[in-house]
Amino acid sequence: MDNLIYLDHGSTTPTDQRVVEAMLPYFNKLYGNPSSIYSLARESKRAKEDAREEVAKLLNAKAEEIVFTSGGTEADNSAIKGIAFANKAKGNHIITSRIEHHAVLNTCKWLSGQGFTVSYIGVDKYGVLDLDELKGAITDKTILITIMHANNEVGVIEPLAEIARIAKDSGVCLHTDAVQTVGKIPVDVNVLGIDLLVLSGHKFYGPKGVGALYIRKGTKIASLLHGGYHEGNRRAGTENIPGIVGLGKVCKIAMEEREEDEKRVKALRDDLEERIAKKIDDIIVNGHPEMRLAGTLNICVKYIEGESMLLCLDHEGIAASSGSACTSASLEPSHVLTAMGIPAELAHGSLRFTLGRSNTKEDIDKVIEVLPPIVSKLRKMSPFGKG
Amino acid sequence: MEYSEKVMEHFMNPRNVGEIKDADGVGEVGNPVCGDLMTMYIRVKDDVITDIKFKTFGCGAAIATSSMVTELVKDKTIKEALSITNKDVVDELDGLPPIKMHCSLLAEEGIKAAIEDYRKRKDKKDSRNQRFEIEN
């Protein structure tokens with residue numbers, strides 16, 4: 001794996017070595033249960049609260065507004081189900097978008113079988129939420145709006161501040177899945193006006209299996225997990241101290257290095273985009289030209305299918321991803337691309353490169369060297385008359 | 001999900017890719033909306049498939065099963081070719097992940113569609129010839 005060119009940072013990232021080192025003592029030296037009373041335990045508790053401060057700082061939140069979870073999916077479930085169950089007396093209507101991550105979509109879908117109704121708001125061709133449709137969907141029964149900060153597949157950044165104004169005007173709680181943005185672009189819960197926000201450690205060089213849920217003070221929410229009195233009685237279960245320490249550390253690093261990283265990654269991504277467009281005919285770049293995460297390039301390559309491109313890229317030591325049905329457990333192509341109005345046969349031919357900290361200009365050169373021949377080889381095999 | 005070495009070998013080096021210009025039978029199966037489309041071209045002489053080519057839009061499994069099925073039916077009689085099932089294709093490829101089994105079905109259907117097309121054309125030709133003989 002030494003020569004691997006990793007272009008799938010949207011899926012996960014390698015844990016920063018500084019983070020790994022910060023975590024290590026908490027496995028077998030400072031292993032105390034923070035709920036206990038002795039000094040070893042107090043050490044764990046202190047580390048946990050220090051980490052909470054770091055997470056809060058990155059979001060411009062208060063430490064007591066941060067709840068640690070096992071990751072993004074648990075945090076999304078906690079937020080959505082927690083708001084839904086705590087506000088049943090007020091209403092049973094939830095609004096989300098058609099391009100959410102499955103952690104949100106399938107949670108909403110499950111709730112719709114539990115007496116809640118869900119509206120799925122559409123997006124334009126760039127993947128930007130239709131704000132008029134959102135406004136029109138709000139009723140006096142609406143208790144939650146949940147819209148992702150940036151989309152994982154195409155990288156489009158949603159106009160959250162505007163969405164927050166709409167939510168506030170209607171007195172509706174706003175939740176955002178921000179696993180793709182925290183640590184990559186500025187995320188300030190007060191500037192944006194968010195009530196609940198989800199982040200995940202492994203999406204920005206932290207460890208897997210740890211995330212956090214921001215809950216604005218005063219928000220009425222039920223707990224998902226019941227048990228001991230951990231996390232201010234909001235999330236039961238002995239805390240994953242090494243993971244939490246790692247999350248704190250990575251938030252601290254992000255505060256210091258995020259801006260520099262973003263600039264560098266964007267330059268590489270722009271170079272990749274420009275050269276692919278020059279070298280390969282009949283491609284479409286998906287997502288918004290400007291309002292897009294710096295590291296994301298999602299393209300549809302006409303006449304061929306995504307998984308076969310990924311296999312050929314893998315053969316050349318390049319890791320990327322696709323919105324093709326064949327790369328998932330379903331037979332449907334990407335719901336995100338479909339919601340953006342991209343026909344299914346094109347969506348099957350999508351390719352997603354998500355660049356990150358480790359990438360270099362040489363990586364981009366390699367992609368530009370190997371991708372065009374892969375595309376032309378597969379097009380020669382395709383019955384769509386190209387090649 | 002992981003492919004067998006044999007699947008990868010056929011995917012990376014597919015056999016019999018292309019078209020046959022004046023094929024005796026052409027079968028097109030699948031649907032690009034579902035992510036796969038397969039076109040099979042056969043040449044038949046004395047009831048034997050003497051040449052076969054394919055063009056496929058699809059995933060690794062779709063391309064590997066297309067390639068494998070062309071190898072299995074080449075130089076076989078029509079009857080032998082019709083007896084080849086998707087299971088034979090999968091076995092020859094040392095297995096396929098469960099969610100990719102439909103790709104092997106597509107390969108079987110592709111061959112059957114090409115043979116059906118061949119038979120239709122032949123029947124037409126035969127009846128035309130018959131008519132020609134009667135008229136003369």
Side-chain angles (χ1 to χ4, degrees), chain A residues 8 11 282 284 300-335 337-339 341-351 370 373-387, chain B residues 1-21 23 26-41 53-68 70 96-107 110 113-114:
Chain A
D8 201 18
S11 156
D282 293 330
I284 299 167
C300 284
V301 183
K302 288 187 187 174
Y303 319 119
I304 54 179
E305 193 274 336
E307 190 213 67
S308 50
M309 283 187 273
L310 293 185
L311 290 170
C312 293
L313 284 169
D314 182 46
H315 189 74
E316 301 284 348
I318 298 170
S321 69
S322 167
S324 154
C326 286
T327 58
S328 69
S330 77
L331 292 176
E332 301 292 320
S334 154
H335 66 283
L337 298 178
T338 313
I342 294 169
E345 59 269 36
L346 270 181
H348 285 294
S350 78
L351 206 50
V370 304
I374 288 172
V375 169
S376 77
K377 179 187 167 183
L378 291 169
R379 279 182 176 166
K380 273 193 189 118
M381 267 187 241
S382 165
F384 291 118
K386 267 272 160 175
Chain B
M1 190 191 68
E2 212 175 325
Y3 287 132
S4 70
E5 272 176 39
K6 202 103 171 252
V7 171
M8 283 310 292
E9 202 276 314
H10 270 265
F11 168 68
M12 293 305 290
N13 310 292
R15 298 14 162 205
N16 305 310
V17 176
E19 294 172 20
I20 297 174
K21 279 285 172 255
V26 180
E28 190 181 279
V29 290
N31 184 343
V33 173
C34 308
D36 32 33
L37 185 74
M38 208 177 267
T39 313
M40 292 279 173
Y41 302 83
K53 293 262 191 268
F54 81 88
K55 279 208 162 178
T56 292
F57 163 83
C59 63
I63 289 168
T65 53
S66 304
S67 166
M68 179 52 87
T70 60
L96 273 183
I99 66 158
K100 298 290 185 181
M101 293 307 272
H102 70 278
C103 293
S104 65
L105 262 174
L106 212 59

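Below, read A as the first sequence line, B as the second, and so on, with proteins coming before strands; counting in each chain starts at 1.
We find the OG1-CZ distance between B:Thr39 and A:Phe384 to be 8.0 Å, quoted to the nearest 0.5 Å. To the nearest 0.5 Å, the span separating CD on A:Glu332 from SG on B:Cys34 amounts to 8.0 Å. Rounded to the nearest 0.5 angstrom, B:Phe11 CZ and A:Cys312 SG are separated by 3.5 Å.
Partners of A:Ser350 according to the side-chain hydrogen bond (donor to acceptor under 3.5 Å, both in side chains) rule, which considers only residues two or more places apart in sequence or in another chain, do not exist here.
Only the backbone of B:Ala61 comes within less than 4.5 Å of a heavy atom in chain A; its side chain stays farther off. At a 4.5 Å heavy-atom cutoff, the contact between B:Ile63 and chain A is made by side-chain atoms alone. Heavy atoms of B:Pro14 lying under 4.5 Å from chain A belong exclusively to its side chain.
Counting all heavy atoms, side chain and backbone alike, B:Tyr3 lies closest to A:Leu311 at CE1-CD1, 3.6 Å. Taking each heavy atom of B:Met12 and A:Lys377 in turn, the nearest pair found is O-NZ, 2.6 Å. Here the closest heavy-atom approach between residue B:Gly60 and residue A:Glu307 is recorded as N-OE1, 2.7 Å.
Note: A:Ser308 leads A:Ala344, A:Gly349, A:Ser308 in heavy-atom pairs under 4.5 Å with chain B.
Using a 4.5 Å cut-off on side-chain heavy atoms (C-beta onward), B:Val17 and A:Lys380 make no contact.
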